[in-house]
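All values reported here derive from a predicted model rather than from experimental measurement. Letters A, B, ... are given to chains in the order of the sequence lines, protein chains preceding strands, and every chain is numbered from 1. Every heavy atom of this structure was used, including side-chain atoms; hydrogens, water molecules and symmetry mates were not.
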Number of protein chains: 2
Amino acid sequence: MPNDNAVIAPQDCADCPIRHRAVCARCEADELDALEQIKYYRSFEAGQTVVWAGDRMDFVGSVVSGIATLTQAMEDGRTQMVGLLLPSDFVGRPGRDGAAYDVVATTDLVMCCFRKQPFEKMMVSTPHISHRLLEMTLDELDAAREWMLVLGRKTAREKIASLLSIVARRDATLKLDTVDGPLVFDLPLTREAMADYLGLTLETVSRQISALKRDGVIHLEGKRHVTVPDFSRLMEEAGDDSDGGMLA
Amino acid sequence: MPNDNAVIAPQDCADCPIRHRAVCARCEADELDALEQIKYYRSFEAGQTVVWAGDRMDFVGSVVSGIATLTQAMEDGRTQMVGLLLPSDFVGRPGRDGAAYDVVATTDLVMCCFRKQPFEKMMVSTPHISHRLLEMTLDELDAAREWMLVLGRKTAREKIASLLSIVARRDATLKLDTVDGPLVFDLPLTREAMADYLGLTLETVSRQISALKRDGVIHLEGKRHVTVPDFSRLMEEAGDDSDGGMLA
DNA sequence: CGTTGGGTTGAGCGCTCTCAAGTATTGTGG
DNA sequence: CCACAATACTTGAGAGCGCTCAACCCAACG
């Protein structure tokens, strides 16, 4: 069990890759200094569980790099992913002791954590933090509601196309890519994780990915490396109107 | 078209039925006075649309009485309900011009509205408001994620039982009922609206309600009046563990 | 090499959808 | 008061999509 929950060396907030998108985005220099006092980094290996649902959670924090998932499970084992946490996304809920969901690192993961008590105090004294958190929470709520449409009403093929277009879009914004050319990216999730996100079985995920490949909507190299020659085609397959969501 | 979007007589916040649960819950007397300056009431009849997705929305507000729904539609007509708005729930998003979803009154509805500009100014100057809004938004996000499990992983029968237990629970807390005895309530939704909430067809909703009735999980008088003789039985049918959520 | 984890593909089944007919209730006009 | 329509709901029959179960492929790794 190497390097478990490793605490890594502190880093200057000014150099932080998520400085202008995370919960601290709106903070002034002096506010950042205060945050810097209570922050610490933790890193996790792909596959590690960050927190278990129901466990006490004495910190909150931001994803700095890597990807984590929020999942919910029924007693009989059925599992639904309820959140995909990307760099700058916030983990934990101020004002609550226990974690509501399992948080799992699906890739190697670095988090910038704050002990909960001091963070909650800072929220009261620092409107920049709580306003930014409100804004981020409203965005997450919108994303969750978008996803409810996917889960409730889309076909398996549309679900896969929806997931691919979300990952493609995120990747494009990270890389500041132009939207026109072919998009190329790696799937950050296993077939099983995709199934848990989409409310499908992994076999159905595999079949529909094969079908999209057969129909030329995507190209695959290996299992994870995806090329999307025509993004608007993918959007059609997702059942969204062709250019609705590229702005944001 | 009688009484369309009627503006009704102002009411004192002190007497407001949602005074201690809405976005104003944490406000002091002087803050309430300020809110009172910018508030106005609007009422809607069952079936009326409050706002259309994409339309400019120049107000935000709280549901005072009645029930509204948030729904999202695809071009081909498939529809997914993404929110069920009960008294004290908040409508609208500060910092955004357009409505993201259709808001429809499913029963007669009274809303306490605030013009958006003044409300946004008050949010900045009144932490009690933005903190309460953050708290409510986090609760809604949790509810949305719970619902993702229902949509993604539950069977039709479990979906119906989940909806019934949510309505029953809400009704019990409103009436401050004891939890033990049989629960009695009216369904606030048509079969079609239930179908849109659950990601089912209305026929499947009807069949599963009949099945739960046949199996003695519920009793029906007419189409809408429901009696639940044994709540824990209903929870089992919903696939939740028997007593997880009664506290909150 | 054998093992393991992730992925693909096939065959058959069943849950939910689609299409369709029928019931109950309410409101409307003659 | 009745005929009629409209709305909400129920129930049936058949079809299809996605699930289950199972075999198999492939790359990484010891």
Side-chain angles (χ1 to χ4, degrees), chain A residues 2 45-48 74 76-80 104 106-107 150-164 186-215 218-226 237 239, chain B residues 2 45-48 74 76-80 104 106-107 150-164 186-215 218-226 237 239:
Chain A
E45 297 183 356
Q48 272 193 304
M74 298 171 66
D76 62 8
R78 280 176 284 175
T79 279
Q80 176 64 51
V104 178
T106 60
T107 66
V150 174
L151 290 173
R153 291 303 187 193
K154 292 196 176 178
T155 65
R157 184 180 175 101
E158 289 169 334
K159 285 179 175 181
I160 297 290
S162 298
L163 178 58
L164 291 175
D186 284 300
L187 283 171
L189 300 174
T190 65
R191 301 292 187 262
E192 186 180 22
M194 291 190 243
D196 284 343
Y197 201 7
L198 297 166
L200 297 170
T201 59
L202 67 90
E203 293 95 330
T204 298
V205 170
S206 184
R207 271 186 260 269
Q208 295 299 335
I209 289 181
S210 298
L212 288 174
K213 176 177 150 196
R214 191 161 51 244
D215 298 343
I218 58 174
H219 296 247
L220 277 184
E221 281 169 68
K223 316 294 188 182
R224 301 287 195 93
H225 195 74
V226 181
E237 293 287 354
Chain B
E45 297 182 357
Q48 272 191 305
M74 297 170 66
D76 61 9
R78 280 177 285 176
T79 279
Q80 176 65 50
V104 179
T106 59
T107 65
V150 173
L151 289 173
R153 291 304 187 191
K154 291 196 177 180
T155 65
R157 184 181 175 100
E158 289 169 334
K159 285 179 174 180
I160 297 290
S162 297
L163 177 58
L164 291 174
D186 284 298
L187 284 171
L189 301 173
T190 65
R191 299 291 187 263
E192 186 180 21
M194 290 190 247
D196 284 343
Y197 201 8
L198 296 166
L200 297 171
T201 59
L202 68 89
E203 295 94 329
T204 298
V205 170
S206 183
R207 271 187 261 270
Q208 295 299 335
I209 289 181
S210 298
L212 288 175
K213 176 176 150 196
R214 190 162 51 244
D215 298 344
I218 59 173
H219 297 246
L220 278 183
E221 279 168 70
K223 316 293 189 186
R224 302 287 195 94
H225 194 73
V226 181
E237 294 287 353

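- Within the 4.5 Å cutoff, side-chain heavy atoms of A/L187 are placed close to those of A/M194.
- A/G199 comes within 4.0 angstrom of sugar-phosphate atoms only, judged by non-hydrogen atoms across all strands, and of no base.
- Residue A/T204 has no polar side-chain atom (N or O) positioned under 4.0 Å from OP1 or OP2 of D/dG18.
- In this structure, the CG atom of B/L212 is 13 Å from the P atom of D/dT11, given to the nearest Å.
- Across the protein-nucleic acid pair, A/L198 atom CG and D/dC17 atom C1' stand 16 Å apart, rounded to whole Å.
- Remark: the backbone N or O of A/Y197 is paired with a side-chain donor or acceptor of A/Q80 at under 3.5 angstrom.
- Going from atom CG of B/L202 over to atom C1' of C/dA20 covers 13 Å, rounded to whole Å.
- What separates CZ of A/R214 from P of C/dT8 is a distance of 12 Å, to the nearest Å.
- Across the protein-nucleic acid pair, A/Q208 atom CD and C/dT8 atom P stand 12 Å apart, rounded to whole Å.
- Checked by distance alone, B/R207 brings a side-chain donor or acceptor within 3.5 Å of a matching partner on the base of C/dT18.
- For D/dC19, the OP1/OP2 oxygens have a side-chain nitrogen or oxygen of A/T201 closer than 4.0 Å.
- With hydrogens and angles ignored, no donor-acceptor pair under 3.5 angstrom links the side chain of B/E203 to the base of D/dC9.
- Whole-Å rounding puts the A/K154 NZ to D/dC17 P distance at 18 Å.
- Checking the phosphate oxygens (OP1, OP2) of C/dT9, a side-chain nitrogen or oxygen of A/S210 falls inside 4.0 Å.
- For B/E192 against D/dC9, a side-chain-to-base donor-acceptor contact under 3.5 Å is absent.
- Remark: the backbone N or O of B/G77 is paired with a side-chain donor or acceptor of B/T79 at under 3.5 angstrom.
- Nucleotides of DNA chain C nearest to A/G222 and B/R157 differ in position, and the one nearer the 5' end is that of A/G222.
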Side chain to side chain contact (heavy atoms under 4.5 Å, CB included) between B/L200 and B/Q208, worked out: CA-CA 11 Å; B/L200 297 171; B/Q208 295 299 335; 5.7 Å; no

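- Considering only heavy atoms from C-beta on, A/L220 comes within 4.5 Å of A/V226 through its side chain.
- Between C/dC17, D/dC21, C/dT8, one nucleotide has an atom nearer to the side chain of A/K223 than all others, and that is C/dT8.
- In this entry the distance linking CG of A/D196 with P of D/dC19 reads 12 Å, nearest Å.
- Applying the 4.0 Å criterion to OP1 and OP2 of C/dG7, one finds that A/R224 has a side-chain N or O inside that range.
- Of the side-chain N and O atoms in A/T190, none sit less than 4.0 angstrom from OP1 or OP2 of C/dG6.
- For the pair B/I209 CD1 and D/dC9 C1', the computed distance is 10 Å after rounding to whole Å.
- For the pair A/R191 and C/dT8, the criterion of a side-chain N or O lying under 4.0 Å from OP1 or OP2 is met.
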